[in-house]
Chemist: 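Mind having a look at this structure? Questions to follow.
Within every chain, numbering begins at 1; the chains are lettered A, B, ... in the order of the sequence lines, protein sequences first and strands thereafter.
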There are 2 protein chains.
Amino acid sequence: MGEQQGRRSAPTLHDVAREAGVSLATASRSLNGSARRVKDEYRARVLEAAARLNYAPNLSAQAVARGRTNAIGIIVSDITDPYFAGVAGGVFRAAESAGLVATIAVSGRDAAKEAQLVGALRGQKPRGLVLVGSRVADAAVTRRLERQLAEFAEDGGRVALVSQQGLAFDTVSFENRAGARELATRLAELGYRRFCVLAGPETLVTATERTEGFLAGIADAGLPADAARVVRGAFTRDGGYAAAGDALEHGERPELIFAANDVMAVGAMARLRDEGLEPGADVAVAGFDDIATLRDVTPGLTTVRLPLDQGGVAAVDLILTGDGASPTALTLPGHVVLRASTPPRL
Amino acid sequence: MGEQQGRRSAPTLHDVAREAGVSLATASRSLNGSARRVKDEYRARVLEAAARLNYAPNLSAQAVARGRTNAIGIIVSDITDPYFAGVAGGVFRAAESAGLVATIAVSGRDAAKEAQLVGALRGQKPRGLVLVGSRVADAAVTRRLERQLAEFAEDGGRVALVSQQGLAFDTVSFENRAGARELATRLAELGYRRFCVLAGPETLVTATERTEGFLAGIADAGLPADAARVVRGAFTRDGGYAAAGDALEHGERPELIFAANDVMAVGAMARLRDEGLEPGADVAVAGFDDIATLRDVTPGLTTVRLPLDQGGVAAVDLILTGDGASPTALTLPGHVVLRASTPPRL
DNA sequence: GTGAAAGCGCTAACAG
DNA sequence: CTGTTAGCGCTTTCAC
């Protein structure tokens with residue numbers, strides 16, 4: 001069946017108008033919610049003709065004629081990372097319920113590429129652009145990105161950043177610092193005294209904030225600065241696996257390993273087991289994010305729950321409602337969730 | 001500051017041409033790889049002007065003028081489900097390296113909505129549409145979807161379905177049946193004799209195939225038909241949790257629970273624990289997909305590894321290279337991975 | 001080689 | 001309320 005032959009060219013508004021015996025303008029007005037009203041009979045004829053021809057309006061043409069689109073662009077590092085998927089899910093949901101289509105681009109954790117992608121997406125003339133995550137603390141790269149975004153904004157586009165504070169655009173961030181601090185406090189209350197932080201790359205603002213917050217919490221508890229050692233690793237499962245190895249290698253074994261995200265924490269657990277240690281019993285483990293897919297790992301992972309989905313929704317909200325006058329900053333709270341991976345220590 | 005004011009309107013090709021002192025046509029020809037050659041001096045001037053103005057071509061206008069786009073549409077049920085995220089990741093990667101932008105829409109596991117989304121995406125006039133997953137065995141819904149897709153194809157668009165065989169379009173599917181069958185065979189070899197299958201909804205073709213394959217494998221092993229009981233549940237973590245409860249409720253306790261996907265399997269493990277049973281020890285558990293994020297659960301989950309990412313890549317490939325003459329069907333293999341959740345039974 | 005001009009499909013004044 | 005028409009930004013014949 002040559003279903004995919006593609007000879008015929010798609011019906012246009014012109015075809016619909018002719019078929020309905022009305023003018024182009026009338027057809028346009030009845031099909032797309034114009035301010036002006038159309039006689040019911042005509043409108044009905046047009047609708048019927050459109051349905052019969054299975055007409056689908058050419059969005060590109062509409063965009064050109066109207067001078068604006070119903071698209072929204074979103075840039076994430078890696079859609080298979082549940083953190084990004086969570087936020088992206090919120091963006092899609094919000095976009096759809098606002099009648100927008102979402103175009104996505106993946107930067108593959110390559111910060112330089114982000115700027116390039118913004119350039120590419122600008123061509124779509126989307127209503128707004130949402131950038132999620134992994135902002136890098138590299139000045140040159142940041143400036144390139146900022147330039148592209150500013151250009152986009154000057155042309156009337158709106159920008160919303162998720163968990164990348166510091167740029168002069170609307171931002172929704174999560175309580176990384178406060179969440180990690182609270183987590184450290186609670187863990188200290190449980191009796192933990194010797195920590196190791198798997199910190200993620202230091203160029204990653206999110207990772208850095210979580211580390212700093214955790215250390216602050218330890219200080220709050222009146223523990224000495226050397227109560228926590230910091231080791232670094234990639235913000236991935238394998239990064240956690242490797243970093244956990246480093247954590248065990250030198251000096252005294254930590255009572256608790258805090259990984260800067262859940263995915264790393266799971267990697268760390270795997271490493272502990274490979275080293276013959278029992279996570280939760282021999283070494284406690286905590287993460288950050290409360291990724292849904294990982295809520296059933298054993299022992300249950302103590303973590304800080306973040307409303308990722310809401311972050312995505314909020315970003316779309318800012319794009320749609322923001323006046324662009326001065327950048328709005330929205331912070332979404334994190335909540336400590338204690339589970340079996342950090343049992344009370346007597 | 002007022003970065004987001006949006007007074008100025010974006011520079012157009014017109015501006016670039018004027019700035020470079022050449023005609024619109026020449027500007028167009030030098031910027032976009034036209035067949036015709038442009039004198040190097042002019043071309044250089046145009047490029048320079050474009051860079052200076054930070055010109056970004058209006059993709060919609062190009063689409064209208066050219067009559068085609070560089071977009072590709074993708075429809076998934078739920079981007080936060082790692083199965084879909086895996087396939088989508090492959091689609092994005094392949095699309096990008098082919099110079100296409102990907103537009104995504106999420107159906108929220110609502111089959112009827114899929115057809116509606118195809119209608120919406122048609123307006124983008126994308127080069128192709130990729131539909132991933134959860135094809136439903138409901139004739140009316142399927143026909144509506146098929147109608148929309150046929151319409152799209154007749155207008156010159158290309159369609160690729162991932163894991164939704166049965167429609168007259170290019171399809172890439174995974175070896176659900178064979179994989180599950182092989183899994184059952186291997187489990188029987190390990191000494192298991194009494195199974196319970198958590199089958200997912202019976203309207204879901206993927207789930208059904210896995211169930212049937214598993215039962216076939218059991219028959220292969222010479223076991224009686226009543227060696228496996230089938231219970232149903234949603235294709236989600238909670239579905240697995242609930243179904244596992246049913247599995248334990250009636251009759252003799254199964255030696256092994258096979259969940260039709262990993263996410264359900266994890267839910268089943270959680271339920272076992274809540275019932276005071278130890279997964280792997282008291283009741284073995286197996287899944288399907290080998291979701292990366294779940295590779296570190298304990299005990300390690302026996303499953304069938306699927307090359308999800310490759311499925312996405314292949315779909316884009318079919319869209320780009322297919323001639324549309326007759327639907328191509330591509331099948332990607334699954335590989336059984338035995339882990340600690342199904343220890344040999346003596 | 002280059003430029004003028006005719007569209008692409010649609011919207012939005014503008015007259016009737 | 002309806003139809004005519006001039007664009008939207010870009011590509012692409014078609015003359016030069």
Side-chain angles (χ1 to χ4, degrees), chain A residues 8-47 49-50 53-71 122-127 155-157, chain B residues 8-47 49-50 53-71 120 122-126 155-157:
Chain A
R8 185 189 78 180
S9 75
T12 74
L13 187 58
H14 204 98
D15 300 326
V16 175
R18 187 164 31 68
E19 189 81 4
V22 300
S23 78
L24 246 182
T26 301
S28 172
R29 293 198 268 255
S30 359
L31 250 18
N32 323 322
S34 164
R36 320 189 47 163
R37 278 248 314 237
V38 174
K39 196 161 117 192
D40 282 357
E41 186 200 331
Y42 285 175
R43 161 188 235 83
R45 283 224 305 261
V46 171
L47 262 38
L53 297 179
N54 213 306
Y55 167 75
N58 184 322
L59 264 29
S60 296
Q62 285 190 190
V64 175
R66 289 183 173 144
R68 66 193 155 70
T69 64
N70 280 316
R122 273 180 60 207
Q124 293 258 30
K125 310 287 176 204
R127 290 266 276 277
D155 297 347
Chain B
R8 185 189 77 179
S9 74
T12 74
L13 187 57
H14 202 99
D15 301 326
V16 175
R18 187 164 32 66
E19 189 81 4
V22 300
S23 79
L24 212 68
T26 301
S28 172
R29 292 198 268 255
S30 4
L31 249 18
N32 324 323
S34 165
R36 318 188 48 160
R37 280 247 314 236
V38 174
K39 197 159 119 192
D40 281 359
E41 186 201 331
Y42 285 176
R43 161 188 234 83
R45 284 225 304 262
V46 171
L47 262 37
L53 297 179
N54 213 305
Y55 168 73
N58 184 321
L59 265 29
S60 295
Q62 284 189 327
V64 175
R66 290 183 173 145
R68 67 194 153 69
T69 66
N70 281 318
R122 274 179 59 206
Q124 294 258 30
K125 310 285 176 208
D155 298 347

Chemist: In whole angstrom, what separates A:L59's CG from C:dC10's P?
Modeler: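 So the two atoms are 10 Å apart, to the nearest Å.
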
Chemist: Roughly how far, to the nearest 0.5 Å, is the OG1 atom of B:T26 from the CG atom of B:L31?
Modeler: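 So the CG of B:L31 and the OG1 of B:T26 are separated by 11.5 Å.
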
Chemist: One pair to check against salt bridge (Lys or Arg N to Asp or Glu O under 4.0 Å): B:D15 and B:R18. What are the steps and the verdict?
Modeler: CA-CA 5 Å; B:D15 301 326; B:R18 187 164 32 66; 3.0 Å; yes

Chemist: Nearest 0.5 Å, what's the CG-CZ distance between B:L24 and B:R29?
Modeler: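 Rounded to the nearest 0.5 Å, the CG-CZ separation comes out at 10.0 Å.
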
Chemist: Give a yes/no answer on whether the side chain of A:T26 brings an N or O atom under 4.0 Å of OP1 or OP2 in D:dT2.
Modeler: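 Answer is no, no contact under 4.0 Å.
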
Chemist: For B:K125 and C:dC8, what is the distance between atoms NZ and C1' respectively, to the nearest whole Å?
Modeler: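 That distance rounds to 12 Å.
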
Chemist: If only side-chain N and O atoms of A:T12 are considered, is one of them under 4.0 Å from the OP1 or OP2 phosphate oxygen of C:dG9?
Modeler: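 The answer is no; no side-chain N or O of A:T12 sits under 4.0 Å from OP1 or OP2.
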
Chemist: B:A25 or B:S60: which one's nearest nucleotide on DNA chain D is closer to the 5' end?
Modeler: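 It is B:S60 whose nearest nucleotide is closer to the 5' end.
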
Chemist: Can you tell me the distance, in whole Å, between the CG atom of A:L13 and the C1' atom of C:dT11?
Modeler: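 These atoms are roughly 9 Å apart.
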
Chemist: Which whole-number value in Å describes the distance from A:L31 CG to C:dC10 P?
Modeler: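 These atoms are roughly 9 Å apart.
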
Chemist: Could you tell me the separation between the NE2 atom of A:H14 and the P atom of C:dG7, rounded to a whole number of Å?
Modeler: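 In whole Å, C:dG7 P and A:H14 NE2 are 13 Å from each other.
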
Chemist: Measure from the side-chain heavy atoms of B:A65 and tell me the nearest of C:dG3, C:dC8, D:dT2.
Modeler: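 Among C:dG3, C:dC8, D:dT2, the one nearest the side chain of B:A65 is C:dC8.
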
Chemist: Any heavy-atom pair between the side chains of B:K39 and B:V22 that's under 4.5 Å?
Modeler: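 No, side chains not in contact.
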
Chemist: From the set C:dG9, D:dG3, C:dG3, return the single nucleotide nearest to any side-chain atom of A:V22.
Modeler: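 Of all the options, the side chain of A:V22 is nearest to D:dG3.
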
Chemist: Closer to the 5' end of DNA chain C via nearest nucleotide, is it B:V38 or B:V64?
Modeler: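 The residue whose closest nucleotide sits nearer the 5' end is B:V38.
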
Chemist: From CZ of B:R66 over to P of D:dT12, roughly how many Å is that when rounded to an integer?
Modeler: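 For the pair B:R66 CZ and D:dT12 P, the rounded distance is 6 Å.
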
Chemist: Which whole-number value in Å describes the distance from A:L24 CG to C:dG9 C1'?
Modeler: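 Answer to the nearest Å: 9 Å.
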
Chemist: When you measure from the side chain of B:A61, which nucleotide among D:dT4, C:dG1, D:dG9 comes out closest?
Modeler: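 For the B:A61 side chain, the nearest candidate turns out to be D:dG9.
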
Chemist: Give a yes/no on whether any side-chain N or O of A:Q62 is located under 4.0 angstrom from OP1 or OP2 of C:dC10.
Modeler: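 Checking A:Q62 against C:dC10: no side-chain N or O falls below 4.0 Å of OP1 or OP2.
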
Chemist: Less than 4.0 angstrom between a side-chain N/O of A:N32 and OP1 or OP2 of C:dT11, yes or no?
Modeler: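 Looking at the OP1 and OP2 atoms of C:dT11, one of them is under 4.0 Å from a side-chain N or O of A:N32.
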
Chemist: Under 3.5 Å, is there an N or O donor on one side and an acceptor on the other linking the side chain of A:R29 and the base of D:dG3?
Modeler: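 Answer is yes: a donor-acceptor pair is held.
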
Chemist: Tell me the interatomic distance from B:Q124, atom CD, to C:dG9, atom P, rounded to whole angstroms.
Modeler: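 Atom-to-atom, B:Q124 to C:dG9, this comes out as 17 Å.
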
Chemist: With respect to the phosphate group of D:dG9, does any side-chain polar atom (N or O) of B:Y55 fall under 4.0 Å of OP1 or OP2?
Modeler: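 No, no such contact exists.
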
Chemist: Report the distance from atom CZ of A:R68 to atom CD of A:Q62, rounding to the nearest 0.5 Å.
Modeler: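 Going from the CZ atom of A:R68 to the CD atom of A:Q62 covers 9.5 Å.
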
Chemist: I want to check one thing: is the phosphate of D:dC10, taken as OP1 and OP2, less than 4.0 Å away from some side-chain N or O of B:S28?
Modeler: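 The answer is no; no side-chain N or O of B:S28 sits under 4.0 Å from OP1 or OP2.
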
